[in-house]
Amino acid sequence: RDTTIQHESSDTRLITHTRQTFAAIFTNRNLIWILVSLFALNLISGLIGEMYQLWYLEINMPVVLYGIAGAVVLSTYGTGGVITQFFTTKRSIVNGMVGILAFSFVLIFSRHALVLIAAQFVVGFLSYTIFLSLTAQMHRLLPSHVRAGSASVTNTVVRLLFAPLVLGFGWASEQSSVFLASWTLVILIVIGLFSELNTRFRSKNTTR
């Protein structure tokens with residue numbers, strides 16, 4: 001029932017807010033690196049959450065375990081915020097990313113169902129937890145006039161990147177195996193780790 005003018009006004013505000021958000025990010029070196037890490041971690045979390053069954057199909061895991069495994073893997077979205085408070089310093093975030101890297105290799109080389117489920121949980125849990133922590137740090141560094149909707153703006157961009165990534169991951173899994181496609185996780189976390197190492201030291205009290 002809204003008028004056309006109201007829709008146009010809303011669209012204009014959205015475009016303006018998006019432009020202002022990225023303008024603020026690209027004027028702050030720390031924010032640029034944080035954004036790259038956010039993208040990498042969000043993509044990893046999304047791949048695990050959307051494609052986790054491909055590993056089970058590859059090893060012919062009994063179908064009866066799929067529901068249990070899915071509950072474990074997808075619980076990372078509900079439990080990821082539990083330990084976010086412990087990832088507020090550069091050292092803790094880097095250590096968490098190294099953990100993601102280590103368990104990503106497990107998803108490449110392991111063929112044991114329980115090990116794969118555990119590795120998926122750890123990768124999904126840590127990636128989502130650190131993603132939340134970095135989102136909070138991004139908020140603290142952004143100017144107040146763009147802070148409120150910044151997470152929505154960045155998440156929208158990530159979803160646009162996620163669509164071709166999922167298609168590529170699925171194609172690689174079909175042409176070869178999901179274990180080969182899992183190198184995508186390694187590449188993403190290396191990018192995120194490199195970006196985090198390029199930020200200045202931060203603590204939970206960092207403000208701007």
Side-chain angles (χ1 to χ4, degrees), residues 32-80 83 87 93-135 154-199:
I32 295 173
W33 289 120
I34 290 174
L35 185 67
V36 173
S37 295
L38 279 174
F39 283 178
L41 290 166
N42 204 336
L43 291 172
I44 291 171
S45 178
L47 277 177
I48 294 297
E50 298 290 345
M51 311 294 279
Y52 66 93
Q53 293 185 5
L54 294 182
W55 280 270
Y56 311 155
L57 291 170
E58 195 77 36
I59 62 172
N60 295 316
M61 188 177 82
V63 177
V64 70
L65 296 178
Y66 275 52
I68 298 173
V72 171
V73 173
L74 296 180
S75 70
T76 57
Y77 294 115
T79 59
I83 62 171
F87 289 90
I93 290 173
V94 168
N95 287 340
M97 288 184 170
V98 170
I100 296 172
L101 178 62
F103 280 92
S104 294
F105 282 111
V106 175
L107 293 176
I108 294 173
F109 296 110
S110 177
R111 301 295 186 271
H112 191 280
L114 294 180
V115 174
L116 288 173
I117 294 170
Q120 287 176 336
F121 175 81
V122 173
V123 171
F125 183 78
L126 286 177
S127 60
Y128 192 64
T129 298
I130 300 174
F131 166 78
L132 293 176
S133 178
L134 291 182
T135 299
T154 55
N155 284 341
T156 299
V157 175
V158 168
R159 298 311 294 182
L160 293 175
L161 296 173
F162 186 64
L165 179 67
V166 163
L167 291 174
F169 190 90
W171 179 84
S173 298
E174 184 177 13
Q175 295 299 313
S176 180
S177 73
V178 69
F179 301 110
L180 180 63
S182 297
W183 282 100
T184 305
L185 299 172
V186 173
I187 294 171
L188 287 172
I189 192 56
V190 167
I191 292 173
L193 189 56
F194 175 81
S195 300
E196 179 59 25
L197 291 173
N198 275 279
T199 60

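None of these values were measured; they are calculated from a predicted model.
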Under the rule for side-chain contact (heavy atoms from CB on, under 4.5 Å), what residues qualify as partners of Val98, not counting sequence neighbours?
Val94, Leu193

Can you name the residues that form a side-chain hydrogen bond (donor to acceptor under 3.5 Å, both in side chains) with Thr129, not counting sequence neighbours?
none

If you look at every heavy atom in Leu47 and Phe162, which pair is closest and at what distance?
N-CE1, 3.5 Å

Got a second to check how far Ile44's CD1 is from Ile191's CD1, nearest 0.5 Å?
9.0 Å

First locate atom CD1 of Ile34, then atom CD of Glu196, and finally report the distance between them rounded to the nearest 0.5 Å.
7.0 Å

Please set out all donor-acceptor pairs under 3.5 angstrom arising from side-chain atoms of residues 112-124, sequence neighbours excluded.
unit_1 : atom_1 : unit_2 : atom_2 : d
His112 : ND1    : Leu114 : N      : 3.3
Gln120 : OE1    : Tyr56  : OH     : 2.5
Gln120 : NE2    : Tyr52  : O      : 3.1

Sequence neighbours excluded, the answer for ring-ring contact (aromatic ring centres under 6.0 Å, His included) partners of Tyr128 is Tyr77

Write out all pairs satisfying side chain to side chain donor-acceptor pair (under 3.5 Å) with one or both partners inside residues 154-172, taking only residues at least two apart or from two chains.
Asn42-Asn155

Do the non-hydrogen side-chain atoms of Phe87 and Leu126 ever get within less than 4.5 Å of each other?
yes

Would you list the pairs meeting side chain to side chain donor-acceptor pair (under 3.5 Å) in which at least one residue belongs to residues 182-194, sequence neighbours left out?
Trp55-Ser182

Distance col, row Ile189:CD1 vs Ser127:OG, nearest 0.5 angstrom, shows 7.5 Å

Identify, with sequence neighbours excluded, every residue that meets side-chain contact (heavy atoms from CB on, under 4.5 Å) alongside Ala181.
Phe169, Ala172, Ser173

Please round to the nearest 0.5 Å and tell me the distance separating atom OG1 of Thr135 and atom CD1 of Ile130.
11.5 Å

Here the gap from Ile93 atom CD1 to Thr199 atom OG1, rounded to the nearest 0.5 Å, amounts to 7.5 Å

Which atoms form the tightest heavy-atom contact between Ala69 and Met61, and what is the distance?
CB-CE, 4.2 Å

Kindly write out the residues that satisfy side-chain contact (heavy atoms from CB on, under 4.5 Å) with Pro164, not counting sequence neighbours, or none if the list is empty.
none

Indicate the atoms forming the closest heavy-atom contact of Leu41 with Met97, along with that distance.
CD1-CE, 3.7 Å

Sole candidate of Val166, Leu165, Leu185 that passes side chain to side chain contact (heavy atoms under 4.5 Å, CB included) when paired with Leu43
Leu165

Just how far is it from atom CG of Leu38 to atom CH2 of Trp33, taken to the nearest 0.5 Å?
13.5 Å

Applying side-chain contact (heavy atoms from CB on, under 4.5 Å) to Glu58 and not counting sequence neighbours gives Ser177, Val178, Phe179

Are there more than 12 heavy atoms of other residues, nucleotides or ligands under 6.0 Å from atom CD of Glu174?
no

Is it the case that over 12 heavy atoms from other parts of the model lie below 6.0 angstrom from the CZ atom of Phe103?
no

Any side-chain heavy atom of Thr76 sitting closer than 4.5 Å to one from Ser45?
no

Non-neighbouring partners of Asn95 that pass side-chain hydrogen bond (donor to acceptor under 3.5 Å, both in side chains), sequence neighbours left out
none

